[in-house]
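See below for the structure under consideration.
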Amino acid sequence: METLAMHISNGIINGPVAAIFAALALATLTACVLRGRRDLDDRLAPMAGLVAAFIFAVQMLNFPIFTAGVSGHLLGGALAAMLVGPWVGALCVSVVLVVQALVFGDGGVAMLGLNITNMALIGTAAGYLLIALLLRVLPRTSAGLAVTAFVSALMSVVVASQGFILEYWLGGTTDLGSNLAGLAGTMAGAHLFIGIGEGLITATTVVTVAKVRPDLVYALRGLRPAAAPTVAAVGGVR
Amino acid sequence: MSKRLWAFIGGGLLVALVLAGVVCNYASSHPDGLDSSLLKGCTVDADDNIVGGSCPAQQAKDHELADSPLADYGVRGVENGFLSTGLSGVLGVLLTFAIGGGAFWLLRRRSSGATAETDGEPGGDATVDGATPTPAGRS
């Protein structure tokens with residue numbers, strides 16, 4: 001098959017539902033711009049550009065999963081949340097999805113709101129909630145950071161895959177009836193394995209950045225004030 | 001902006017360019033988790049084309065911009081598959097960095113606080129973000 005499609009294609013979800021999610025995504029992204037501006041300074045802005053470019057690159061790298069006939073690729077929500085924060089992170093993934101839809105013919109333009117909702121919004125939000133929780137309970141070590149990145153990335157992919165099920169339930173173009181639960185299970189199962197790949201890529205990337213420039217990892221930066229009692233929060237990551 | 005930061009950004013971009021320009025040619029060409037889930041119920045041939053059965057993927061329609069010069073991660077006119085995919089990846093990384101980095105740079109908080117253009121951003125703070133205080137750098 002010549003086409004290398006990675007996201008929801010045209011015709012899979014009906015027009016009205018796609019339009020509703022486009023409006024929802026637009027409103028949420030506007031909120032991300034407004035709130036994200038507070039995080040965006042001279043240091044974070046170029047970093048966010050790099051994160052977007054890096055996610056674009058790694059999304060091209062489909063890796064095989066459990067069965068021979070199925071592949072997966074990075075979604076990038078947890079990675080972006082970890083490196084540049086949830087608000088700017090959601091915008092990073094959205095930039096990637098817009099470029100893919102408008103330039104590379106990947107993911108229908110009419111389906112853009114759905115793809116942004118699942119991968120940029122749900123994926124990043126789920127990832128960040130877990131990141132915020134795990135960084136508080138896990139030890140401030142390289143291993144703690146790696147586990148945080150791995151688990152939050154894995155779960156973010158599974159949750160994002162269920163966003164599609166919600167959308168398909170609302171506006172899927174094939175009436176699956178009670179088979180929707182089957183589709184949900186198939187999606188969750190496949191994305192559990194994809195999540196392992198996502199987790200490994202996210203953990204490797206975040207730990208590498210934390211070794212070279214710990215100040216460029218947003219999740220660690222945000223932690224410092226909250227972790228006031230014990231000093232040297234960042235030092236433990238080296 | 002410091003030289004060290006730009007060195008890091010440059011290094012990261014280089015990694016992304018190698019991944020998208022070279023490594024992507026070794027990526028799996030099988031349908032991903034979403035596509036394969038939507039193919040359930042259909043039988044496919046060796047090239048993953050649907051040959052029978054019924055499944056959600058059959059409803060898929062052509063992409064609006066399927067004729068784009070970079071459609072399907074290839075450069076139209078470049079016959080060599082390896083080169084075509086790699087070149088499209090390199091262009092994609094540079095384009096994403098230019099668009100994303102450019103937009104984020106324009107949106108960023110100016111440290112001086114004196115110059116606060118709004119960059120064409122609609123000033124709808126009160127409706128969407130009303131609960132949180134406006135940053136000092138704005139307006």
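To find a chain, count down the sequence lines: A is the first, B the second, and so on, and within it residues start at 1. This is a predicted model, so every value here is computed, not measured.
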Quiz item: Do B/Gln58 and A/Thr174 pass the side-chain contact (heavy atoms from CB on, under 4.5 Å) test, and can you show the C-alpha distance, the side-chain angles, and the key distance before you say yes or no?
Solution: CA-CA 9 Å; B/Gln58 285 165 322; A/Thr174 299; over 6 Å; no
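- The number of heavy-atom neighbours closer than 6.0 Å to CG of B/Asp45, taken from other residues, nucleotides and ligands shown, is above 12.
- Looking at B/Ser37, both its backbone and its side chain come within 4.5 Å of chain A, counting heavy atoms on both sides.
- Side-chain N or O atoms of B/Glu64 include one that pairs as donor or acceptor with a backbone N or O of A/Val109 at under 3.5 Å.
- No side-chain heavy atom of B/His30 sits less than 4.5 Å from a side-chain heavy atom of A/Asn62.
- B/Val18 does not touch chain A: none of its heavy atoms, backbone or side chain, sits under 4.5 Å away.
- Note on ring orientation: taking the six-membered ring where Trp is involved, the planes of A/Phe104 and B/Tyr73 are parallel (angle under 30°, cut-offs 30° and 60°).
- In this structure, the portions of A/Thr173 lying under 4.5 Å from any heavy atom of chain B include both its backbone and its side chain.
- Contact check for B/Thr96 versus A/Gln100: no side-chain heavy atoms found under the 4.5 Å cut-off.
- Neither the backbone nor the side chain of A/Ile55 has a heavy atom closer than 4.5 Å to any heavy atom of chain B.
- Residue B/Ser88 touches chain A through both its backbone and its side chain, counting heavy-atom pairs closer than 4.5 Å.
- Interface summary for chain A: among B/Ala71, B/Cys24, B/Pro56, the most heavy-atom pairs under 4.5 angstrom belong to B/Pro56.
- Looking only at heavy-atom pairs under 4.5 Å with chain A, the residue among B/Ala20, B/Ala98, B/Gly33 that has the most is B/Gly33.
- For a residue to count as touching a neighbouring chain, one of its non-hydrogen atoms must lie under 4.5 Å from one of that chain's; by this rule A/Tyr168 touches chain B with the side chain only.
- Counting only heavy atoms from C-beta outward, the side chains of A/Val51 and B/Phe97 never approach each other to under 4.5 Å.
- Of the two parts of B/Leu95, only the side chain, counted from C-beta on, holds a non-hydrogen atom closer than 4.5 Å to a non-hydrogen atom of chain A.
- Distance alone, capped at 3.5 Å, places no donor-acceptor pair between the B/Arg108 side chain and the A/Asp42 backbone.
- In this structure, chain A has heavy atoms under 4.5 Å from both the backbone and the side chain of B/Ala60.
- Between A/Leu61 and B/Leu19, some side-chain heavy-atom pair lies under the 4.5 Å cut-off.
- For A/Ala45, the parts lying under 4.5 angstrom from a heavy atom of chain B are both the backbone and the side chain.
- Listed options A/Val95, A/Val99, A/Val103 were ranked by heavy-atom pairs under 4.5 angstrom with chain B; first place goes to A/Val103.
- Neither the backbone nor the side chain of A/Leu44 comes within less than 4.5 Å of any heavy atom of chain B.
- Smallest separation of non-hydrogen atoms from A/Pro46 and B/Trp6: CB-CH2, 4.0 Å.
- Here the straight-line distance linking atom OG of A/Ser9 with atom CG of B/Asp35 works out to 5.5 Å at 0.5 Å rounding.
- Using a 4.5 Å cut-off between heavy atoms, A/Phe54 contacts chain B through both its backbone and its side chain.
- Of all the heavy atoms in A/Ala53 and B/Leu13, the pair that sits closest is CB-CD2, 4.0 Å.
- Chain B forms the most heavy-atom pairs under 4.5 Å with one residue out of A/Ser161, A/Gly172, A/Ala48, A/Gly189, and that residue is A/Ala48.
- With a 4.5 Å cut-off on side-chain heavy atoms, B/Phe8 and A/Leu50 count as touching.
- The backbone N or O of A/Gly107 lies less than 3.5 Å from a partner atom in the side chain of B/His63, making a donor-acceptor pair.
- Interatomic distance, A/Asn10 CG to B/Lys61 NZ, rounded to the nearest 0.5 Å: 8.0 Å.
- Neither the backbone nor the side chain of A/Val98 comes within contact range of chain B, judged by heavy atoms closer than 4.5 Å.
- In this structure, A/Met60 CE and B/Thr85 OG1 are separated by 6.5 Å, a value rounded to the nearest 0.5 Å.
- B/Ala57 touches chain A through its backbone: at least one of N, CA, C or O sits under 4.5 Å from a heavy atom, while the side chain does not.
- Interface check for chain A: of the options B/Asp67, B/Asn25, B/Leu65, the most heavy-atom pairs under 4.5 Å are formed by B/Leu65.
- Ranked by heavy-atom pairs shorter than 4.5 Å toward chain A, the options B/Gly92, B/Gly100, B/Ser68 are led by B/Gly92.
- The shortest distance between side-chain heavy atoms of B/Trp105 and A/Leu40 does not fall below 4.5 Å.
- Within the model, atoms CE of A/Met187 and OG of B/Ser36 stand 8.5 Å from one another, a figure rounded to the nearest 0.5 Å.
- When the candidates B/Ala16, B/Gly101, B/Gly12 are compared by the number of heavy-atom contacts under 4.5 Å with chain A, B/Ala16 comes out ahead.
- Note that CG of B/Leu107 is 12.0 Å distant from CG of A/Asp39, once rounded to the nearest 0.5 Å.
- Ranked by heavy-atom pairs under 4.5 Å with chain A, the first of B/Leu91, B/Asp62, B/Leu17, B/Leu34 is B/Leu34.
- Closest approach of B/Asp32 to A/Gly72, counting heavy atoms only: CB-CA, 4.4 Å.
- Counting only heavy atoms from C-beta outward, the side chains of A/Leu183 and B/Lys40 never approach each other to under 4.5 Å.
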